[in-house]
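The structure displayed is predicted, hence computed values, not measured ones. Below, read A as the first sequence line, B as the second, and so on, with proteins coming before strands; counting in each chain starts at 1.
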Amino acid sequence: MKKNKRLLDSVGNIPDRFIEEAFFGGIIKNGKRKWITVLAAAACLIGAIAVPATVLNSRNKISDNKDNSVVTTAVSETKPEVTGYVNESGTVTGTGPARAEDYIPDRNYSRVKCKGLTGDNTVDFLKDKEFEKTVNDDIRQAINKIKESSFSEGISPRAEFSATIINGYMEITVMCEGYDHNHFETVEYIEDYEDHCIILAYDIINGKRIEKFSDLFYEGEEYSVIKPVEEIEFSKSGWDFSGEMPVLFGLDQYYLKMTDQNGSDFYIRKSAVDDSFDSHIIRKFRDPSDVLEEGEFEYAEEEWDEWELSYDIVQTDEDRKIETRWSSAFHSEQENSEMNSRNREMISTASDFLKSAVPRYDKLRNSRYNLYELYEEIPVPFICNLHSIRWNFASLYFSRDDLSIVSENDIIPDWSDNIVSYDHIDSDEQSDEKPDPDDYDLIYISSADRDEENEGYYHFTITMINDDDECIAEAVIPADQINADYFDADKTLKKDENGLYKAECYRCVFGTLG
Amino acid sequence: MEDNEIIELYKQRSQSAVPETDKKYGKFCRMIAGNILKNNSDTDECINDTYFNVWNAIPPQIPRVLAAFVGRIARNAALNMYEKRNRKKRSNGEADLVLSELQECVDMSCDVEAESDRRELEEALAEFLDSTDIIKRKMFVCRYWSLMPVKDVARHLDVSESNVKVTLHRMREELKVFLNDRGLY
């Protein structure tokens, strides 16, 4: 690098005028808003499912976790189109097709990736050209509508275009993403959902647009946009559902307008498939190949996750705790019950363990940790506010035999002798001192992988936490020093019947234990 | 605050000098350091070093273009930190990508160790950049001075990524010929 770096040094010494010109040359003049193109992206149905509700203030913020100092210009008064029928209790009665009497849940779904997406934001892969023209007219209108709305100074909205089709239903989201020339960064420019985002949903097999939110649900079946447990959380936060129908909806995602304790409007993003998997029309397997142009698409059949899409969030009768209750259509009642009971036990064990290991851990954002969710391969309950900001806190391993916690010492007994590097990432004092595991309250294995450079060795990342520090250590361990009960030479940590459950524990900012 | 007012704060050793610099050029410096280091905590550390160095440098130095002055210090601090962090391992960071691109233009066997050679190379680079049109020049500076990823260069200049890739490729070819003509390649 040293010799090479001289080259970079030479470029580094170019005259100041070039630097000033490149970065402060004024791409965007004051007051000038430049429309480049519009983002038109089909929202990834499956990807959206795991995303917690994103809370945005429609008037004052670019997006959550972004710089709030960018003051937005006035928004237009465009009213949202009528998109569904939500009654006073926040319930939608399905107006979609009737559910067949012999309906059996399909484990597979079809996913189509289309190649025929053209640079001018139009679809070009449907056999029915008249329907295709209708779709493209809709996209064009959506783009024009967004183009007419206002943007903050210094923001260049721009576009990408892709489409994912699930079970013959296509969702296209036309929205803005922008580059902020003032701050040299890309912003998720969804300043105002009503003005800057339009979602289009189609049944491409029957060649029609899904006009109403209620059409997403089987005829006569009820879907609550606000769950009882959410009402509790909203009430705690001083939020109120305005009662308006979703301002936007796609096949999966939809946005509800809310009012905060100060009377300001904001939106929450929700997932209909996530909330009501079995009532949702997208659930039925359909193969759309016949309506797509030959050679213009890639077809794949994938499996719905056997558990992930089959839960409800409830408040228990006994102790009023909020928990996730799983009821997978792919499993028997007894299996569902066993799953829920096992998860309940693990979350309780994990919660007690973490409370005892790090009782005062208070580093991040001045918030105490709350065990929010354990999840990886096994679904376990949510136990705090659904709308909390959360981040990964620790990974715990449970024995599949008795659901006890398996410590890092059980898996790699001599790991601390094999530390090859370490980094004190959250220490108040800059320290290069080798960490002593005894100084830390919580130690866990963050990752375990085969060491690419050393045959027969495995690379472990171990995180150590105490009140003053978070230290990440890298250890390279010979295979014969790893407990074979929990370790598989091919797959590293065992996750089969005789191995481990791995659970990711999260912290949340303003959630409370249920 | 205007640049000359910020520089005046440094000259007076005012404690407001650094916060005012951060207010005006913090994002700029973070962008540069972030492009190189790709790590928030390293970037924060690098920015602290940058302001410390700026504080020590002004006075005696009085920059003509404060943005370039601060940005250059951030760039050097980030590259040094990058080198230190990656000393023991191979890396595929932005700095390595940029270097591999630049290597197309300059004969790595040539000795740019000598001060005179280095100065000659720098002068040639400036001459080359002066000879290109403004959008190409901006692309070059964004990519090779601030080590901006191609995607971000496209965003920053409101052009497509492929436009950036093609233009930079052509520029490297042109630069190679340009340097060759001057006996620098």
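- The closest donor-acceptor contact from the side chain of A:His424 to the backbone of A:Glu433 lies under 3.5 Å.
- Proximity to chain A is limited to the side chain of B:Tyr25, based on heavy atoms less than 4.5 angstrom apart.
- In this structure a side-chain-to-backbone donor-acceptor pair under 3.5 Å is missing from B:Arg155 to B:Glu161.
- Between the side chain of B:Lys165 and the main chain of B:Val150, no donor-acceptor pair closer than 3.5 Å is present.
- A donor-acceptor pair under 3.5 Å is formed between the side chain of B:Arg137 and the backbone N or O of B:Thr132.
- Among residues 139-146 of chain B, the residues having any heavy atom closer than 4.5 Å to a heavy atom of chain A are, in sequence order, B:Phe140, B:Val141, B:Cys142, B:Tyr144, B:Trp145, B:Ser146.
- Of residues 58-67 of chain B, those residues with a non-hydrogen atom less than 4.5 Å from any non-hydrogen atom of chain A are, in numerical order, B:Val65, B:Ala67.
- Using a 4.5 Å heavy-atom threshold, the side chains of B:Tyr10 and B:Thr21 count as touching.
- Checked by atom type and distance alone, the side chain of B:Asp133 pairs as donor or acceptor with a backbone atom of B:Lys136 at under 3.5 Å.
- For B:Asp130, the salt bridge (Lys or Arg N to Asp or Glu O under 4.0 Å) criterion is met by A:Arg17, not counting sequence neighbours.
- Taking the charged nitrogens against the carboxylate oxygens, B:Arg172 and B:Glu101 do have a contact shorter than 4.0 Å, which makes a salt bridge.
- A donor-acceptor distance shorter than 3.5 angstrom exists from the side chain of B:His156 to the backbone of A:Ala22, with no hydrogens or angles considered.
- Under the salt bridge (Lys or Arg N to Asp or Glu O under 4.0 Å) criterion, B:Glu127 pairs with B:Arg182, not counting sequence neighbours.
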